[in-house]
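Quick notes on the structure that follows.
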Amino acid sequence: MTEEEVNRCQIQEWYPKFKSVSIRTLIHELPEYFVEYLLDDSGPFLLPASVSNDDALPNRIHNAFEEEDYRVSEGSGDEAEPSSPPSFPELELKIKESIESLGGAVFPKLNWSAPKDAAWISTSGTLRCTSFCEIVLLLRSSDSLVHDLCHAYDSCNDKTLTRPPSFFLALRKWYPSLRPEMEFRCFVRGRCLVGISQREVTMCYPALSEKKNDIKVLIQELFDSNVRQEFESENYTFDVYVTKDERVKILDFNPWGAFTLPLLFAWEELQQNVGEEGDDVEFRIVESQCAVRPGLKTAVPYDYLDTKPGSGWDQFFRNADDELQRQTRSPEAGA
């Protein structure tokens, strides 16, 4: 993998070329001071002060008595001044205008990644955003976006960059009717389509079996007509969505290998598939509940999945074990 191949997969690079076969998207270049805010973890987690008086968590209940507990009383010995929330009025107003022009709801992503692992923190449990503050809450809460901000080129053979020159925020129109079972990842090797995988592999959708051949034909036609000669890399993946009226929309491009998930394939077997024009493309779906891949769930925080020594889960289980042993040894335990 080269830096050039990674750069081609940035949404601000590929979207203008494939706009006619993608979903409506508006892209904003982010000022560097906002990028610094996203990376700053030196102090408390503060959402920006909104010039539009929007709230990222509008349904929360403010309890004056509980909030009083977090205030530092005068003379307590803690001399630190409370931090003031940042404000990005110019950027907020531009994003507000874009949200309105996209129908009032969007889902955000940076150059490469969307904050899917932070969906749990939103009021809807999805990436649906209707305000600047909701977008920022997702961006600041996401571990996967750290990849874009700090590690995008770590797998490159010719690595010279630590980050791209600029970061972009893509606002994509929110479609509430999108069905996760109709999203697919396509694998291209040597400019030939060599594999297609169901994108949501943590669920089994029996109806897919009946539509499988028709979907494969539709995706192959899109690739031959719109992608094969237009996307400049030899090896890459792209994600698509098949609509009810059998249109295929491009959602994303990703580099071949490295941090891109092969889903129902393994990279080793995909490497062996040297496709030629006219070859039958292997299309894999989850055929039964026994074949789901719960370990590939991505819409959760990294800490939820990380169980290695020293992780949050490891410490939790150690503490629970210590507490159990303490209670077992206590005099009251034998009473």
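What you see is a predicted model; the values in this text were computed from it and never measured.
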>> For the residue pair Arg172 / Thr25, report whether a side-chain donor-acceptor contact shorter than 3.5 Å exists.
In response: yes
> Side-chain donor-acceptor pair under 3.5 Å between Ser122 and Glu134, yes or no?
Replying inline: no
>> Between Asp148 and Lys109, does any NZ, NE, NH1 or NH2 come within less than 4.0 Å of an OD or OE carboxylate oxygen?
In response: no
>> If the threshold is 4.0 Å, N to carboxylate O, is there a salt bridge linking Lys17 and Glu230?
In response: no
Would you check if the side chain of [X] reaches a backbone N or O of [Y] as a donor-acceptor pair within less than 3.5 Å?
| X | Y | value |
| --- | --- | --- |
| Glu5 | Thr2 | yes |
| Ser141 | Leu137 | yes |
| Lys249 | Thr243 | no |
| Gln12 | Phe168 | no |
| Ser233 | Asn235 | no |
| Arg228 | Arg191 | yes |
| Arg185 | Thr260 | no |
| Glu29 | Ser166 | no |
| Glu3 | Thr160 | yes |

>> For a 4.5 angstrom cut-off between non-hydrogen side-chain atoms, does Gln198 reach Tyr205?
In response: yes
> Got Ile196 and Val240 here, is their nearest side-chain heavy-atom distance under 4.5 Å?
Replying inline: no
> Regarding Arg140 and the six-membered ring of Tyr37, is the cationic atom NZ or CZ under 6.0 Å from the ring centre and inside 45° of its axis?
Replying inline: yes
> Between OG of Ser144 and CG of Leu110, what distance do you get to the nearest 0.5 Å?
Replying inline: 8.5 Å
> When rounded to the nearest 0.5 angstrom, what is the spacing between CG in Leu263 and CG in Asp239?
Replying inline: 8.0 Å
> Taking the six-membered ring for Trp, is the centroid-to-centroid distance between Tyr241 and Tyr175 below 6.0 Å?
Replying inline: no
>> Aromatic contact between Phe34 and Phe167, with the criterion being ring centroids under 6.0 Å apart: yes or no?
In response: no
> Do the rings of Tyr33 and Phe88 sit parallel, tilted or perpendicular, given the 30° and 60° boundaries?
Replying inline: parallel
> Which class fits the ring pair Phe18 and Phe253: parallel under 30°, tilted 30 to 60°, perpendicular over 60°?
Replying inline: tilted
> Which pair of non-hydrogen atoms, one from Pro262 and one from Phe187, has the smallest distance, and what is that distance?
Replying inline: O-CZ, 3.4 Å
> Going through the checks in order, is the ring-ring contact (aromatic ring centres under 6.0 Å, His included) test met by Phe238 and Phe231?
Replying inline: CA-CA 10 Å; Phe238 65 101; Phe231 198 76; 8.5 Å; no
>> Lys19: which residues meet the side-chain contact (heavy atoms from CB on, under 4.5 Å) condition with it, sequence neighbours left out?
In response: Tyr15
